[in-house]
Every structure is written in C-alpha cells, then in structure tokens.
*Asks:* 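The structure is given below, and queries will be raised subsequently.
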There are 2 protein chains.
Amino acid sequence: MTYTQLRPPTMADVARMAGVSHQTVSRVLGDHPNVRDETRAKVLHAIEEMGYRRNSSARALATRRTRTLGVVASNTTLYGPASTLFALEEAARAEGYVVSTVSLRELTVETLSEALAHLSQGGVEGVIALAPQRSAVEALAELRHPFPVVAVGTGSGVEIPSVNVDQFLGARLATGHLLASGHRTVWHLAGPEDWQEAVDRTDGWRATLEEAGVQPPLPLGGDWSPLSGYRAGQELAGWVGRGLTAVFVANDQMALGVLRALREAGVRTPQDVAVVGFDDIPESEFFAPPLTTVRQDFATVGKRSIALLLDLIEGRTPSGTSRVAIEPQLVVRASTFPYAPQSGAAPG
Amino acid sequence: MTYTQLRPPTMADVARMAGVSHQTVSRVLGDHPNVRDETRAKVLHAIEEMGYRRNSSARALATRRTRTLGVVASNTTLYGPASTLFALEEAARAEGYVVSTVSLRELTVETLSEALAHLSQGGVEGVIALAPQRSAVEALAELRHPFPVVAVGTGSGVEIPSVNVDQFLGARLATGHLLASGHRTVWHLAGPEDWQEAVDRTDGWRATLEEAGVQPPLPLGGDWSPLSGYRAGQELAGWVGRGLTAVFVANDQMALGVLRALREAGVRTPQDVAVVGFDDIPESEFFAPPLTTVRQDFATVGKRSIALLLDLIEGRTPSGTSRVAIEPQLVVRASTFPYAPQSGAAPG
DNA sequence: GAGGTCATTGTGAGCGCTAACAATTCATGG
DNA sequence: CCATGAATTGTTAGCGCTCACAATGACCTC
C-alpha cells in the first residue's frame, strides 16, 4: 500500500456519516456518559467504517496537554540505563503517557541543552534526566526549561527533584559482606570520579572500613568498561600476598575484567581474592566464578520517577522538595564463596 | 520554581512586543529569507525577553507534520535491541525527528496493536518495528495503521519493507571459520525457533556444513539467556571425545553459559572445544576465554532504517519493495585460538 | 513621472479538536 | 395538560500556528 496524501477523515466527516454533530463524536471518543447507546453505536460504526483516528495535534492544541514525557539519557546500551529506560517507558505508558527519548553520547551543557530543546520541539510536558555525571546535573540546574525535570542517578545532593538508588548503602552492603566474611580489609576499584554514583559507592566503601577501624587502601579508578577493569585487575594482582584478599569493584563489567586479569595472573577467585561487583547484570551469574554483586531495583526507580514527574506536572508537589531513595540488595554468589555462608542464592 | 499555569507567551504576544505581525515572527523562526535584519533583531530580542517557545501542537496541526517517529521494541535491555534503539534515535534526531518508544515485554498481536495505537496517540508519522519474532511480523502485516512501518530484524522474507543484518552470512562466517581451522564438524546451539534471526543463523550453519560435505549434527536449542547456554553446555560436554570439537552458539550470552558449563566439566576452550558466539557484546572480549564472535553493525542498521522510513513517509519509495541487508563481520579471539591464524584482532 | 519589479510586511482563513454554553427532547409529577 | 428538570444533542468560539494572498514601500527603468 502507499500512504497517499488523501486527507484522513476528520471528526466532522464521521459526524456527517453518523448523522450527528462533531461534538457528539467527541463525546463518544471521550467516554462521556450522557450519550444515548443508540447514538454511540451509530458513531462507533461510522468510526470503524471510515477508519477514523483522532488527530493528536489538534487534540493537544485544544486541551493544552500533549501527554508526552521526555527522557534524556546517555550510555543507553549499558545494562543500568537500558533497564531504567525500560522501566520509565512502561510506567509512563501505564499512566497514558507517550515517552520520547534522546540518547546522548556524552552529557555536557551543550548536548543536554540541545536535548531539552529537541524534546521541547516534541512537545513534552516534563522530562526525566538520567544524569549520572555531576557536570550534567549542574548543567541541568542552569538550563532554562519551560517544563519540570526530574533527575535520576544524580545523588540526593542536588537542587532538582531526584530519584536515586542508595549507592552509599549498596557499597556498605558489599564492603560489610566482605568484612563479615573474615577479610581484614577491602580494596576498591572505583568508577569515574565525575559520576556521582561512583563517588557515593566509594564513600560507602570508605565509611564502612573506617567504622570497622580499618585504614582504607588507596582506591583504583576505572571507566566502567571491562577493559579498565582488566587493567586494574593486573595491578591488583601485584598486591596479592601483600594484604589484598578482597576487592569491591564499582560495577559488574569492570569486575569481569578484574576476574580475567586475576585468573591470568594465576590468582584464584575466591580462594585467593574475593570479588564483589555492582549492578547484577544478567551475565554476572555466569562469570568465572559467578559474581557476588549488588542489585538495583530499576523497575522501582522507573515507577517512582514517573510518579514524581507527574506530580510536578500536575502541580501536586512543590518542585525542589522531592528526593526519593531506593534500597539496593546484596546478591551473594561464588566470587565471595566460601566466606559467605549467611545469605543469598547459591550459584546454579 | 513552580510551573504555574500562567499561560506561556504566544507568537502574538511576541509580535506585539516587537511591534510586528505574528506572521513576521513566524518568518523569523522559520528562517525565511525576506526579513529585514533590523526586524529580525527586534523579534529575536522579544523572543529572548519573553522566553518564548513555539507551541509544537499548534505547529503540527497547521503543518500536518509532527516530526515524530515511533519505535516498537522488545527485550530492550539486551545489547542488540539497545544498540539498535540508540542508533535509531541518533539517526532520527539528525534528521530533525523526535523518537517515541514503546518497549514491550513480549510481542504478540495484542501488545503490538496496543503499541501502535499508543504511538498513534503520540502522533507519529511512521514506525520502526524491532520485530525479531516471526509471529510479530505476521501480526504487523495484518494490523491496520495509518502510517508506514519498517520492520527490523524480521528477515527478508516478509511483505513489509525491512532492514536486516544478513544472519545467514554471519552464521556462514562463523561456521566456515571453524571448518577452516581444521574442525571436522561444528555443533550448534540455536536461539528460539520463533525468532527469524535464530532460524537464519541455523540455516547458515547447516548450509555451510552441507556444502563442505559434512552431515550436520542435531542442533540444540536455547532462549538466548546465559542460563539456557549453561544447560546446553552441560549436554555438549557429554559429547566431547565423541566428535565434538567446535560449537557455534547463536549469541554471546548463551556462549557465556556454554563456556562456564564446559569449564566446570573440565573441558578446555579452545584446546578441547572451540566456541564461536554471535553479537560481539562488549563483555565478550573478557570472557574466559575471550570469545570469537560475529559483530553486527547496529549503527548502520539504525541509519538505513530511518532513511527507509523517511523515504516511505515522503512517498519517495513505493512501500513493499524495499529490503535492505547489512553485512556482519567475524571477530576472532581466543575461544577459537589456536585454530585461527588467518584474521581478526588478537586477544588483549 | 508613470509604470514595473522586488523586498518586506500584514491580513484572513483555516488546521481538527475540545470546552462552554445553548437548545432540544423526554419523562415525570402536580 | 403543562411546568420542571434531567438527559441528550447542537452551536459557537477558540487553542496557536502556517499558508496563501494582499498590501505597502523602496528602487529602477525608460
């Protein structure tokens, strides 16, 4: 078939065919109660017959509601952002909203600004910003935008309404688990410093050690990629036998690289060095060995974010006040076995 | 700040402030050439001053163009779909289009139909359907929709305009590589039978073996997950020493499970059994051992899909004729080493 | 100086819908 | 039988923009 420019039927066309006024058609479509069944049937029949679809632009213009939300994200092929995106869309759709997305290669003032402008062109009523980099958050605070914005993954120390997984707590769970398993200290491979989540995880790790009266070793740094984990793992391997028996890695992908580097260096996991990751990506369970990690509940993040944004749009919540924090969960697997008898699923 | 319902300024407001007609404001915004510089400056100043933004609904209504495209996808947290989604959005944005997405948990006639209706509510001018399941494609062909639809990942045997990576060729590359490395035969762990891509990969594998005069073993089946790969791997381990020396696995995630199962069974990769995957997910390079696999160029898929859809929307291409196929690429790593001296990057 | 051309600006009419109000119908009770 | 009000339907006026066309004025040309 070809999509010729024959103009699609309008409400008036339907009304004519059904022998009613266009307003009655509108009432039928809007499920207005005061329409006689017989009339409704006539209208529905005409709609069906003509293949009529309500013009969303005209509707949006008249109602001043587009029922569209925007999402700005980066690194959308990573498990975390992809999962959040999925949850956001599902939650928004459940509320009758369409979601338009902009996926950025990098978050800067410029790209963010363009993204918001682009979404504005799409007529969004509000925007969720998956903005894990701190620079992005600052940019967001500066930018003028005619709609409310909710930040996700920015940490709670920002001006903007935000929803976050409690990264500090997650790191505490991971580190505490290793200490409880008998390790004297826990090393740390951190994520990029300009990511708030990375900083929070490092802070949680450090705080846990300090509370246990342990002087934290100097953390290593990576960029979330398996490759950076691999490189850090090579360095870590050099410390085995000199006090290194446990590592908390800031995400699962880097942990994968660490595992490989350790293996290549002849270091056994978990017998020589225990490893904990963060995220619980689907592959983690099948790493060599299966990875103990911290699971984030992205579905809840999505739901809460949409709920908050809709509150803001409807004016139910004064913006600037809202901070939502969500608890993560430790998942114990073989990479910290046999030090971990207390909880979690056994590996398959 | 609060988003009070003070009505945002309209074009007429700007016009009044700048002392011109609303049409002149429209011209400035539309970069119409015949506007005096002085006038343009006045208008731009007024726009800036009032924080004016063009109302997209009104614009869409008047122009009959929403400049919005829709995407229906499932399994969006998997690497392949997520990468395609990213590429699609980027390509569409480059053309000035906003992208609205619907992420489905499963593709059925009902969910697809709802998704299209939802996107229609969002005013899309066309839709890309990431529809790897065959059932979905059939559903797509049946459904009435007032806009063009391009299918991605459906294989080329469908009525609908489509864009695909040549899965058959990919399987041929993988299987051929193993045969060329000296293996007598190649076993196969297939994806779900209702996925066209899985079928095409199996067909490519079978054809390559038959052309080499080898009777293909019975393929195993999985569901793309590492777990299903793990289970299949346990079974495969039982065939080692009885003719099994090489396995072509239909995706990297399942290959991960296979690797683990083999390892646990004391089977060495690649010395005892060589393994090839499909997708080249970022983690593959860091599996134990690093995985030989087939890379799909999702960026090109995205660009070509958008280009095709826009052609359809503009009426440049008669729909129903267009099939685009994209070549995949073999990436050789240690899981087929040392049988593979001929090409590809060495493991890190 | 009349007529013509071009650049620039303004005017009016819709795009297809919903909201507010007006009009009509119908059942009901006094 | 007619007033009363509820249920149902119709009428009108925008929503904020772009498009087609009209109007204005500056500048030439002969």
Side-chain angles (χ1 to χ4, degrees), chain A residues 5-44 46-47 50-68 96 120-125 146-147, chain B residues 5-44 46-47 50-68 96 120-125 146-147:
Chain A
Q5 305 308 4
L6 305 172
R7 202 157 292 174
T10 75
M11 202 171 255
D13 296 332
V14 173
R16 203 170 306 121
M17 177 167 175
V20 297
S21 77
H22 68 256
Q23 179 56 20
T24 297
V25 178
S26 176
R27 285 193 185 97
V28 170
L29 254 26
D31 265 336
H32 191 94
N34 290 340
V35 178
R36 221 190 328 161
D37 286 349
E38 189 193 341
T39 312
R40 184 187 309 278
K42 271 193 306 189
V43 170
L44 287 175
I47 286 175
M50 309 181 80
Y52 169 75
R53 307 250 183 162
R54 202 154 42 171
N55 179 311
S56 61
S57 303
R59 187 166 148 75
L61 178 58
T63 58
R64 295 148 183 266
R65 300 293 311 263
T66 58
R67 299 227 138 230
T68 300
S120 183
Q121 172 205 315
V124 298
E125 295 182 28
F147 39 67
Chain B
Q5 306 309 2
L6 305 172
R7 200 158 296 171
T10 74
M11 203 171 256
D13 297 331
V14 173
R16 203 170 306 120
M17 177 167 176
V20 298
S21 76
H22 65 122
Q23 179 56 22
T24 297
V25 177
S26 176
R27 285 194 185 98
V28 170
L29 254 27
D31 266 336
H32 191 92
N34 291 341
V35 178
R36 222 187 329 158
D37 285 351
E38 190 192 343
T39 312
R40 183 186 311 275
K42 271 193 305 188
V43 171
L44 288 175
I47 287 175
M50 309 180 80
Y52 170 74
R53 306 251 184 161
R54 200 155 42 171
N55 179 311
S56 61
S57 304
R59 188 167 149 73
L61 178 57
T63 57
R64 296 148 184 265
R65 301 292 312 262
T66 58
R67 297 226 136 230
T68 299
S120 183
Q121 174 205 315
V124 298
E125 296 182 26
F147 40 65

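Here is how names work: the chains are called A, B, and so on, in the same order as the sequence lines, proteins then strands, and each is numbered from 1. Reckoned from all heavy atoms, side chains included, excluding hydrogens, waters and symmetry mates. As the structure is a prediction and not an experimental result, all values here were calculated from the model.
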*Asks:* Go through the structure and list residues passing side chain to side chain contact (heavy atoms under 4.5 Å, CB included) with A:Ala12, not counting sequence neighbours.
*Replies:*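 With sequence neighbours excluded, A:Ala12 shows a side chain to side chain contact (heavy atoms under 4.5 Å, CB included) to A:Thr10, A:Arg16, given in chain and number order.
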*Asks:* Please identify each residue that fulfils side chain to side chain contact (heavy atoms under 4.5 Å, CB included) with A:Met11, with sequence neighbours left out.
*Replies:*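 Side chain to side chain contact (heavy atoms under 4.5 Å, CB included) check on A:Met11 returns A:His22, A:Val25, A:Ser26, A:Leu29, A:Tyr52, A:Arg54.
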*Asks:* Between the protein and nucleotides 14-21 of chain D, which nitrogen or oxygen pairs are less than 3.5 angstrom apart?
*Replies:*
from, atom 1, to, atom 2, distance (Å)
D:dC15, O3', A:Arg64, NH2, 3.4
D:dC17, OP1, B:Tyr52, OH, 2.3
D:dC17, OP1, B:Asn55, N, 3.2
D:dC17, OP2, B:Met11, N, 2.5
D:dT18, OP1, B:Arg54, NH1, 3.0
D:dT18, OP1, B:Arg59, NH1, 3.0
D:dT18, OP2, B:Ser26, OG, 2.6
D:dC19, N4, B:Gln23, OE1, 2.7

*Asks:* Let me know the distance between CZ of B:Arg65 and P of C:dG16, rounded to the nearest Å.
*Replies:*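 Rounded to whole Å, this separation is 15 Å.
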*Asks:* Would you please name every residue forming a side chain to side chain contact (heavy atoms under 4.5 Å, CB included) with B:Arg65, sequence neighbours left out?
*Replies:*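 With sequence neighbours excluded, B:Arg65 shows a side chain to side chain contact (heavy atoms under 4.5 Å, CB included) to B:Thr63, B:Tyr97, B:Glu125, B:Ile313, B:Glu314, given in chain and number order.
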*Asks:* Residues two or more places apart in sequence or in another chain: which of them pass side chain to side chain contact (heavy atoms under 4.5 Å, CB included) with A:Ala58?
*Replies:*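 A:Asn55, B:Leu61.
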*Asks:* For a quick test of reading the model, state the closest non-hydrogen atom pair linking B:Ala18 to B:Ala46 and the distance between them.
*Replies:*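 Closest pair (atom of B:Ala18, atom of B:Ala46, distance): CB-CB, 4.0 Å.
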*Asks:* Below the 4.0 Å mark, does D:dT8 have OP1 or OP2 next to a side-chain nitrogen or oxygen of A:Thr39?
*Replies:*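 No, no such contact exists.
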*Asks:* Using atom CZ of B:Arg36 as one end and atom P of D:dG25 as the other, report the distance to the nearest whole Å.
*Replies:*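 Value for this atom pair: 12 Å.
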*Asks:* Taking all atoms of both residues into account, what is the closest heavy-atom pair of A:Ser120 and B:Arg53, and its distance?
*Replies:*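 Smallest interatomic distance, heavy atoms only, reads OG-NH1, 3.4 Å.
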*Asks:* Between the two end axes of the helix from C:dG1-D:dC30 to C:dG30-D:dC1, each built from 5 base pairs, what angle do you get to the nearest 10°?
*Replies:*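 That helix has its two terminal axes inclined by roughly 50°.
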*Asks:* Could you tell me the separation between the CD atom of B:Glu38 and the C1' atom of C:dT8, rounded to a whole number of Å?
*Replies:*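 Roughly 12 Å, once rounded to whole Å.
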*Asks:* Between A:Asn34 and D:dT8, does any side-chain N or O lie under 4.0 Å from OP1 or OP2?
*Replies:*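 Checking D:dT8 against A:Asn34, a side-chain N or O does come within under 4.0 Å of OP1 or OP2.
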*Asks:* A side-chain contact here means heavy atoms from C-beta on lying under 4.5 Å apart; do A:Thr66 and A:Val124 qualify?
*Replies:*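 No, their side chains stay 4.5 Å or more apart.
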*Asks:* Going from CG on A:Asn34 to OG1 on A:Thr39, what distance comes out if it is rounded to the nearest 0.5 angstrom?
*Replies:*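 Between A:Asn34 CG and A:Thr39 OG1, I get 11.5 Å after rounding to 0.5 Å.
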*Asks:* When the distance from NE2 of A:His32 to C1' of D:dT8 is rounded to whole Å, what number comes out?
*Replies:*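 Value for this atom pair: 9 Å.
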